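Data block below; observations after.
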Protein chains: 2
Amino acid sequence: MTATTDQDAALRIASGRKPFVEPLRLGERLREIRLAHQWTLEDVSQRTGLARSTLSKIENDQISPTFTAVQKLIAGLGIDLPQLLSPPRQQARTNGRRDLTRRGQGELHPTPTYEHELLSCELAQKRMIPFKTIVRARRFEEFSEWVRHDGEEFLMVLEGEILLYTEFYEPLRLESGDSIYFDSDMGHALVSTSREDAVVLSVCTRGEAA
Amino acid sequence: MTATTDQDAALRIASGRKPFVEPLRLGERLREIRLAHQWTLEDVSQRTGLARSTLSKIENDQISPTFTAVQKLIAGLGIDLPQLLSPPRQQARTNGRRDLTRRGQGELHPTPTYEHELLSCELAQKRMIPFKTIVRARRFEEFSEWVRHDGEEFLMVLEGEILLYTEFYEPLRLESGDSIYFDSDMGHALVSTSREDAVVLSVCTRGEAA
DNA sequence: GAAACCTGTTTCCTATAGTGAACACGCCGC
DNA sequence: GCGGCGTGTTCACTATAGGAAACAGGTTTC
């Protein structure tokens with residue numbers, strides 16, 4: 001398995017997205033949107049080109065719309081897909097959620113090159129993914145390919161010293177306390193250069209639709 | 001203290017929503033993902049529960065998959081929907097920006113209770129705001145009111161020990177290495193409890209329109 | 001080199017999504 | 001009350017997605 005998929009998998013798990021497919025009350029959500037705009041089924045029908053009856057069935061979960069139908073929906077309603085798929089958005093904002101992770105109590109995800117400790121992994125639906133990493137790699141050649149994933153990444157060296165290899169820059173030496181922010185779809189890879197394996201704290205943004 | 005500027009908001013408004021529906025070569029994208037993982041149609045079939053023939057047709061744009069089929073896909077392949085729908089991903093986006101901040105070289109923003117050092121502040125348009133903070137406050141009463149700002153916050157104690165007061169929870173003692181993730185529109189405030197002023201690393205999400 | 005595999009594609013057939021028309025209900029104005 | 005509207009739902013039919021099996025091409029095996 002490649003370094004990329006490892007990291008991706010780790011991030012996906014960390015992101016708190018349930019591995020199963022969510023119930024996804026798409027119909028319910030559609031009705032919600034429609035009523036919020038004070039639209040009738042006929043209005044939506046004209047906007048989307050879908051038959052009134054079809055819309056009714058979708059809202060009542062009697063049929064599972066075709067993907068082309070979904071496209072017509074998002075085009076006609078002027079919304080984007082993530083919006084259609086995020087029912088719990090409404091007041092998930094002022095929840096006052098929190099998730100504590102004591103030192104060393106994160107979820108471990110070892111790979112040949114990195115040893116990740118995912119922090120705050122109790123919390124689903126978060127916009128950032130924090131994790132602490134022990135950098136086991138000692139040479140750039142240990143990576144079969146660039147690590148890359150959508151979004152942005154912030155990184156601070158907690159202990160030791162590392163060399164940050166990136167696709168478009170010369171390798172960069174980072175010591176304890178140094179930090180860097182970069183676009184993480186640019187290939188990147190870390191190796192420890194201190195005697196002890198270096199420890200870094202990373203925070204990635206969660207992938208969002210383009 | 002949020003350091004949130006209006007740039008993002010302005011740009012977002014200016015950009016508007018895309019007026020046309022994307023071509024959305026879903027089949028192409030699926031094949032891309034499949035080949036990237038070196039999977040055969042049969043592999044994907046077993047993972048998703050969809051027939052080999054169906055997958056073939058989807059990849060060749062001969063049919064438009066049902067939404068339930070799409071759900072099986074994202075569940076079986078372990079990807080999330082935005083990932084499946086971002087065709088222009090291939091390598092167009094890679095900006096490759098980066099912003100290095102050496103230890104102690106951030107931008108200082110002192111307040112009576114906190115002494116912030118903003119990290120990576122060269123970079124505009126980023127989705128996260130990282131900063132290191134020396135917690136000068138010693139008693140909760142030193143705060144005239146709750147600190148709160150839209151979005152989410154991740155926090156790790158780097159040195160010393162703090163007490164985290166939050167609007168909806170009992171105060172929480174955090175020691176070096178402990179971390180916490182919380183909705184930052186919930187009121188919060190930090191005080192140092194160790195002999196030396198505690199130092200914490202925080203990362204906030206940038207406000208995004210609902 | 002043929003038989004036994006694999007790959008991806010294509011061919012039926014059936015299950016179901018999508019449509020237009022009929023339906024039931026509530027809301028007017030007269 | 002009545003008929004006209006408009007709402008959302010249900011029907012009957014057609015179009016199409018999904019599945020099992022057959023197919024065509026390539027590679028491996030003896």
Side-chain angles (χ1 to χ4, degrees), chain A residues 1-2 5 19-85 87 90, chain B residues 20-85 87 90:
Chain A
M1 180 172 285
T2 70
T5 52
F20 301 99
V21 61
E22 40 212 323
L24 199 50
R25 326 276 279 164
L26 185 135
E28 200 175 321
R29 179 80 187 114
L30 172 59
R31 171 164 289 158
E32 217 174 286
I33 294 177
R34 179 170 67 83
L35 295 181
H37 290 258
Q38 307 231 0
W39 286 332
T40 128
L41 283 184
E42 181 60 29
D43 293 336
V44 177
S45 170
Q46 296 201 353
R47 283 171 174 271
T48 60
L50 292 168
R52 213 167 66 222
S53 55
T54 307
L55 295 169
S56 169
K57 289 184 215 167
I58 294 177
E59 287 195 355
N60 295 325
D61 285 318
Q62 294 177 9
I63 62 174
S64 165
T66 280
F67 208 82
T68 56
V70 175
Q71 285 188 76
K72 287 182 187 170
L73 274 178
I74 64 182
L77 301 186
I79 59 179
D80 50 4
L81 214 149
Q83 195 177 345
L84 187 63
L85 301 185
Q90 46 262 35
Chain B
F20 64 101
V21 62
E22 42 211 322
L24 199 50
R25 324 275 278 164
L26 184 134
E28 198 174 323
R29 179 81 187 111
L30 172 58
R31 172 164 287 158
E32 214 174 288
I33 294 176
R34 181 171 65 83
L35 295 181
H37 290 259
Q38 308 229 1
W39 286 333
T40 133
L41 283 183
E42 182 59 30
D43 293 336
V44 177
S45 170
Q46 296 203 351
R47 283 171 174 272
T48 60
L50 292 168
R52 212 166 68 222
S53 54
T54 306
L55 296 168
S56 169
K57 290 182 214 165
I58 294 177
E59 287 194 354
N60 294 327
D61 285 317
Q62 295 177 7
I63 63 174
S64 165
T66 280
F67 207 81
T68 55
V70 174
Q71 286 188 75
K72 287 182 188 172
L73 274 178
I74 64 183
L77 301 187
I79 59 180
D80 48 4
L81 214 147
Q83 193 177 345
L84 186 63
L85 299 184
Q90 37 264 33

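Values in this document were obtained by computation on a predicted structure and should not be read as measured data. Naming: A, B, ... by sequence-line order, numbering from 1 per chain.
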From the candidates C:dG18, D:dT9, D:dG18, the one with an atom nearest any side-chain atom of B:P65 is D:dG18

Rounded to whole Å, the CG-C1' distance (B:L50 to C:dA15) equals 15 Å

Ranking C:dT9, C:dT19, C:dG8 by distance to the side chain of B:R34, first place goes to C:dG8

Between CG of A:D61 and P of D:dT10 the distance, given in whole Å, is 13 Å

In whole angstroms, the gap separating P of D:dA20 from CG of B:L41 amounts to 15 Å

To the nearest angstrom, the CG-P distance between B:D43 and C:dT7 comes to 7 Å

Separation of D:dT9 atom P from A:E42 atom CD, nearest Å, is 14 Å

B:E59 CD to C:dT9 P, in whole Å, measures 7 Å

Ranking D:dG18, C:dT9, C:dT7 by distance to the side chain of B:T40, first place goes to C:dT7

Sugar-phosphate only, base, or nothing, as touched by B:T66 at under 4.0 Å among non-hydrogen atoms: sugar-phosphate

* To do: Please state whether the phosphate of C:dT10, meaning OP1 or OP2, lies under 4.0 angstrom from any side-chain nitrogen or oxygen of B:Q62.
  => yes

note: B:I58, atom CD1; D:dA17, atom P; distance rounded to Å ~ 10 Å

Closest of D:dC11, C:dT10, C:dT9 to the A:K57 side chain is D:dC11

Look at the side chain of A:R52 and the base of D:dG8, then say whether one donor and one acceptor between them are separated by less than 3.5 Å.
-> yes

Tell me what A:T54 touches on the nucleic acid: a base, only sugar-phosphate, or nothing, going by heavy atoms under 4.0 Å. base

Look only at the side chain of B:T66 and the backbone of B:T68, and say whether a donor-acceptor pair between them is shorter than 3.5 Å.
no

- Look at all strands and tell whether B:L55 reaches a base, only sugar-phosphate, or nothing, counting heavy atoms closer than 4.0 Å. nothing

For A:A69 and A:L50, the nearest pair of non-hydrogen atoms, with its separation, is O-CD1, 3.8 Å

Rounded to whole Å, the CG-P distance (A:L73 to C:dA17) equals 15 Å

Considering only heavy side-chain atoms of A:I63, the closest of D:dG19, C:dG18, D:dT10 is C:dG18

Interatomic distance, CD@A:E59 vs CG@A:L30, rounded to 0.5 Å, equals 4.5 Å

Of all heavy-atom pairs linking B:L55 and B:L41, the shortest is CD1-O, 3.6 Å

Rounded to the nearest 0.5 Å, the CZ atom of B:R31 sits from the CD1 atom of B:I33 at a distance of 12.5 Å

- With heavy atoms under 4.0 Å as the rule, sort A:S53 into base, sugar-phosphate or nothing. base

Between B:W39 and B:T68, whichever has its closest DNA chain C nucleotide further toward 5' is B:W39

